[in-house]
Amino acid sequence: MNATATATVNTSAASNYDEAADYIWNNSFDKPTLVVSRARVGVQYDALQAGLGDARIHYAVKANPAPEIIRMLVERGSGFDAASRQEIELCLSQGADPAKISFGNTIKRGVDIAFAHSIGVTMFAADCEAELDKIAEHAPGARVYIRLIVENSMADWPLTRKFGCAGSLLPSLLEYTKSVGLVPYGLSFHVGSQTRRAEYWHPVLDQVAPLWHAAKEAGHDLQLLNIGGGFPAYHGDPVDAPRGYAAAVVAAVKERFGEIPVLMAEPGRGMVAEAGHIAAEVLLVSRKSAEAARRWVYLDIGRFSGLAETEGEAIRYQFVTPHDGKPVGPCVLAGPSCDSADVLYEKNPVDLPLDLRDGDKVMIKNCGAYTSSYSSVGFNGFPPLDVLVL
Ligand SMILES: *Cc1c(COP(=O)(O)O)cnc(C)c1O
């Protein structure tokens, strides 16, 4: 668990210099703070774009909505996947071109659709007739892509069930889209977040490709294939580097779909996770009994203040401490709040140095995605996660 060793396994990095880590060890913090390196997000963007070739990146804003990151991506030419009026406004405030913003949530407010339409957003997601009715009413004539449910996700954080329609519903939905005066512009899906290997996409692509071809044969001039997110970050298990991963995904897509007029990808985690780490502090180390093998380590950050993705122990963060390299023992890791669900890792304990004490700084690695955006406003009085963008 020493910082240098971890950085070398972290294959995604284009360079080993870790600006956020450097900042964390050279500064002190009076509350949990996510430190994100904008330069590092830029490196990830460039690597993903190089691998994706002519596919367009629409950054999934929810992964990390820091305005400085949005602005840097605007300057690099990125598009954006926004899920709400607030996210659209954020992108606009940082100079994004509305033509490069897709309204990708399948569950939208009518007034928000009207707002998006009025400022020039032209692409909307839908997965059922009622949502198409809303779009037809508030954004007449808009381009719509239909979100599909995909099975067999091999992701560490699957996004199945809640979004998308079954493939069997697609033909009638495309007809319906036309019948209400909208443009059936394309299809979208999401393989699931943190899909660690490019080949894990294959079963999902095998489900969607026949639907694409059938829709074209039925006379729909589909232009857009939106392959969503799923691009991984290093969370302990090996992942492919972003450029090679993205290139392999695009090759697998083209093999099954042929030439696609507009190919779009919506990386969130893969763009920002590795660019940020959280500076946290140990509040308490205790044993529940004299003979207990495992210590309980309580941090000043937990499930409600940024580490929501520890739910089900799905995402396993890496911890760096000032005592790394010394003997370790198993620990249950928990947050500070008075809620018994605020336990981060218990089924699979984390090995931490025996010397760890309250007051020690702990760096939680690769937390740039889905931490600040999941942090509560201050449950139990613990402050929301502070964000510092370098
Ligand atoms: C959350 C989300 C993404 C980003 O997913 P990652 O796995 O973080 O890359 C992309 N598209 C849609 C529609 C999403 O909801």
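Please read all numbers here as calculations on a predicted model, not as lab measurements. Note that ligands are numbered from 1 as they come in the structure, with each ligand's atoms numbered from 1 the same way.
Below 30°, between 30° and 60°, or above 60°: for Phe124 and Phe103 the angle between ring planes is between 30° and 60°, a tilted geometry. Taking the six-membered ring where the residue is Trp, Trp201 and Phe231 present tilted rings, their angle falling between 30° and 60°.
A heavy-atom separation below 4.0 Å is not found between Gly270 and ligand 1. Under a 4.0 angstrom heavy-atom cut-off, Arg147 registers as being in contact with ligand 1. Residue Pro267 places a heavy atom less than 4.0 Å from ligand 1.
Set against the non-hydrogen atoms of Gly268, the atoms of ligand 1 under 4.0 Å away are 4 (C), 6 (P), 8 (O), 9 (O). Shown in contact with Ala60 at under 4.0 Å from a heavy atom are these atoms of ligand 1, numbered in order with element: 3 (C), 4 (C), 10 (C). Heavy-atom proximity to Arg269, at under 4.0 Å, picks out these atoms of ligand 1: 6 (P), 8 (O), 9 (O). Residue His190 approaches ligand 1 through these ligand atoms, each under 4.0 Å from one of its heavy atoms: 2 (C), 3 (C), 4 (C), 5 (O), 6 (P), 7 (O), 10 (C), 11 (N), 12 (C), 14 (C).
By the 3.5 Å distance cut-off applied to N or O atoms, Lys62 is counted among the residues near ligand 1. Taking only nitrogen or oxygen atoms, main chain and side chain alike, Gly192 does not reach within less than 3.5 Å of ligand 1. At under 3.5 Å, a nitrogen or oxygen of Glu266, whether backbone or side chain, sits near a nitrogen or oxygen of ligand 1.
The proximity of Ser193 to ligand 1, defined as any non-hydrogen pair under 4.0 Å, involves the side chain as well as the backbone. By the criterion of a heavy-atom distance under 4.0 Å, neither the backbone nor the side chain of Asn105 is placed next to ligand 1.
Of the possible donor and acceptor atoms, none in the side chain of Asn27 sits under 3.5 Å from a partner among the backbone N and O of Ile24.
A donor-acceptor contact closer than 3.5 angstrom is absent between the side chains of Arg295 and Ser286.
Distances from atom 8 (O) of ligand 1 to the heavy atoms of Tyr370, Phe163, Phe231 put Tyr370 nearest.
Under the 4.0 Å criterion applied to side-chain N and carboxylate O atoms, Lys134 and Glu131 are assigned as salt-bridge partners.
The distance from the CG atom of Leu174 to the OG atom of Ser172 is 8.0 Å, given to the nearest 0.5 Å. To the nearest 0.5 angstrom, Asn226 atom CG is 11.0 Å from Ile260 atom CD1. A distance of 5.0 Å separates CG in Leu385 from OG in Ser375, rounded to the nearest 0.5 Å.
Side-chain atoms of His220 and Lys178, non-hydrogen and from C-beta on, do get closer than 4.5 Å to each other.
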